[in-house]
Amino acid sequence: MDFALNDDQRAIQDAARAFADAELAPHSARWDEDKHFPVEVMKQAAELGFCGIYTGEEHGGMALGRVEAAVIFEELSRGDVATAAFISIHNMATWMIDKFGSDDLRGRFVPSLVSMDKIASYCLTEPGSGSDAAALRTTAVRDGDHYVLNGSKAFISGAGTSDVYVVMVRTGGEGPKGVSAIVAEAGTPGLSFGAQERKMGWNAQPTAIVQFDDCRVPVANLLGDEGAGFRYAMAGLDGGRLNIAACSLGGARLALETAQDYVATRKQFGRPIGEFQVLQFRLADMATDLEAGRLMVLRGAWAIDTDHPGKTKWCAMAKRLATDACFQIADEALQLHGGYGYLKDYPLERIVRDLRVHRILEGTNEIMRVIIARELARG
């Protein structure tokens with residue numbers, strides 16, 4: 001068992017860390033305050049290959065593994081959680097097109113997505129189907145060489161700004177086997193967007209409803225086969241869950257480092273509070289939980305990279321453990337700062353707000369427990 005990154009992985013980690021330190025961290029507070037979506041900065045990330053991490057090389061991707069992706073997203077999220085999380089979503093949508101699309105579809109979309117000349121969103125959740133994703137109601141009825149889409153998708157990151165929407169739609173009967181995946185482009189008649197949601201966190205990326213009203217999308221934009229879309233969506237989510245868990249690691253790591261610096265200098269009762277053993281123990285627990293989360297994420301990434309039969313279980317375990325633990329680490333770091341942690345002078349209140357949603361999206365942590373329990377029952 002070798003827990004060390006190899007030379008190439010360390011070089012990738014260094015590049016992601018340098019980019020986060022120079023281009024994300026200095027602006028993170030302002031992006032959150034102004035609700036600014038830093039598209040131009042994300043295009044700079046694309047120049048480093050971070051918008052096509054595990055997309056194939058044929059159309060400009062890096063063709064890296066999920067271990068490398070986890071390393072990259074931890075570093076990027078230490079600079080800004082919300083921006084790193086959107087880059088994760090963009091990678092997931094780009095990978096789905098590259099993995100399951102026809103040669104024509106891949107050629108039309110993947111190069112511009114890898115360069116982030118075009119931005120991609122992933123559309124699964126609906127107002128009436130969140131955890132029960134297979135109950136989605138957005139329909140796609142074939143009419144000649146087009147599908148006619150009707151329905152809506154909720155909580156879509158990038159909605160209204162993205163150029164490309166990977167949409168799960170119902171082309172057949174009830175349940176997962178009636179779901180297909182199709183690529184809809186911004187500007188298509190019948191495709192519209194709701195008002196931007198007013199959110200607790202993730203303010204550096206837009207979120208809105210995506211609405212389809214007799215929206216005609218070419219049949220050529222179908223991913224793979226009819227009826228296979230739910231399987232494609234779940235394959236995307238295995239990796240997406242790891243990415244979000246890795247984004248939690250980066251935010252929690254910054255919170256822990258901030259707390260360590262604070263307790264070393266903050267004095268009460270005549271000495272730095274970091275000298276009190278009770279606080280030392282709390283920091284020790286925070287560091288231990290962070291490392292446990294990281295190990296689980298890397299285990300899940302290894303499972304995808306090796307196509308291990310337990311990969312879905314391992315990814316669900318990693319997502320559940322890491323996002324829960326990292327939120328608690330951030331909250332504990334805020335608590336260690338006392339009243340100062342509640343102020344925007346420090347990054348902690350923003351980290352707490354940004355990490356909270358990671359326990360909900362890409363499948364709630366309650367659903368992660370359902371997945372884990374189901375896999376255990378199968379033996």
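For the single chain, residues carry numbers from 1 onward in sequence order. The structure displayed is predicted, hence computed values, not measured ones.
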Backbone of T83 reached by a side-chain donor or acceptor of D80 within 3.5 Å: yes
Check: K99 side chain, A235 main-chain N or O, donor-acceptor pair, under 3.5 Å: no
ILVMFWY network linking F50 to F73, side-chain heavy atoms under 4.5 angstrom: yes
Residues E74, R253: salt bridge by 4.0 Å N-O rule: yes
Closest contact, heavy atoms only, R216 versus D143: NH1-OD2, 2.9 Å
same_hphob_cluster(L355, I244) at 4.5 Å side-chain heavy-atom cutoff: yes
Contacts of T161 that satisfy side chain to side chain donor-acceptor pair (under 3.5 Å) - sequence neighbours left out: none
side-chain hydrogen bond (donor to acceptor under 3.5 Å, both in side chains) assessment of N203 paired with R350: CA-CA 10 Å; N203 289 319; R350 183 179 72 253; over 6 Å; no
Distance (rounded to the nearest 0.5 Å) between I89 CD1 and S121 OG: 7.5 Å
Within 6.0 angstrom of K199 NZ, more than 12 heavy atoms from elsewhere: yes
Heavy-atom closest pair, residues A16 and L76: O-CD2, 3.9 Å
More than 12 heavy atoms from other groups under 6.0 Å of CZ on F276: yes
Electrostatic pair E75:R78 at N-O distance under 4.0 angstrom: no
Y232/W95 aromatic ring centres below 6.0 Å: no
Inter-residue atom distance L64.CG - I72.CD1, 0.5 Å rounding: 6.0 Å
Where C215 and T188 come nearest, the two heavy atoms and their spacing: SG-CG2, 3.6 Å
Counterpart residues, side chain to side chain donor-acceptor pair (under 3.5 Å), relative to D8 (two or more places apart): none
Derivation of the side-chain hydrogen bond (donor to acceptor under 3.5 Å, both in side chains) call for S115 and D117: CA-CA 5 Å; S115 65; D117 290 332; 3.0 Å; yes
Side-chain ion pair, D14 and R10, N-O less than 4.0 Å: no
Heavy-atom neighbours of R271 CZ exceed 12 at 6.0 Å: yes
Side chain to side chain, F19 and L24, heavy atoms closer than 4.5 Å: yes
Heavy-atom side-chain proximity of H337 to Y342 below 4.5 angstrom: no
Polar side-chain atom of Q328 near backbone of M286 as donor-acceptor pair, under 3.5 Å: no
Main-chain N/O of V41 paired with E23 side-chain donor or acceptor, under 3.5 Å: no
Steps toward side-chain hydrogen bond (donor to acceptor under 3.5 Å, both in side chains) verdict (D324, N365): CA-CA 8 Å; D324 278 347; N365 284 3; 2.8 Å; yes
Single-linkage hydrophobic cluster I182~L124, side-chain heavy atoms < 4.5 angstrom: no
Distance-minimising heavy-atom pair for S102 and A220: OG-O, 4.5 Å
Q335 CD: over 12 foreign heavy atoms closer than 6.0 Å: no
Interatomic distance, M92 atom CE to N243 atom CG [nearest 0.5 angstrom]: 8.0 Å
Q211 side-chain N/O to S192 backbone N/O, donor-acceptor pair under 3.5 Å: no
Carboxylate-amine/guanidinium contact K311 E375, below 4.0 Å: no
Check: T323 main-chain N/O paired with S248 side-chain donor or acceptor under 3.5 Å: no
Step-by-step side chain to side chain contact (heavy atoms under 4.5 Å, CB included) determination, E332 to D289: CA-CA 12 Å; E332 190 71 20; D289 290 345; over 6 Å; no
Linked, directly or transitively: V169 and I97 (ILVMFWY side chains, under 4.5 Å): no
Least distance between heavy atoms, C51 atom then M116 atom: SG-SD, 3.6 Å
Shared hydrophobic cluster for V39 and I87 (ILVMFWY, side-chain gaps under 4.5 Å): yes
Euclidean distance, R66 CZ relative to L298 CG, rounded to 0.5 Å: 14.0 Å
Donor-acceptor contact present, side-chain R170 to main-chain G175, <3.5 Å: yes
Residue of the set V81, D32, L348 for which side-chain contact (heavy atoms from CB on, under 4.5 Å) holds with R353: D32
Residues, nucleotides or ligands: over 12 heavy atoms within 6.0 Å of K43 NZ: yes
Side-chain H-bond candidate by donor/acceptor type, D238 with T312, under 3.5 Å: yes
Nearest heavy atoms of A255 and A330, plus distance in Å: CB-CA, 3.9 Å
Ring centroid separation Y165 to F193 under 6.0 Å: yes
Test: E33 and R30 ion pair at under 4.0 Å: no
Check: E197/T207 side-chain N/O donor and acceptor closer than 3.5 Å: no
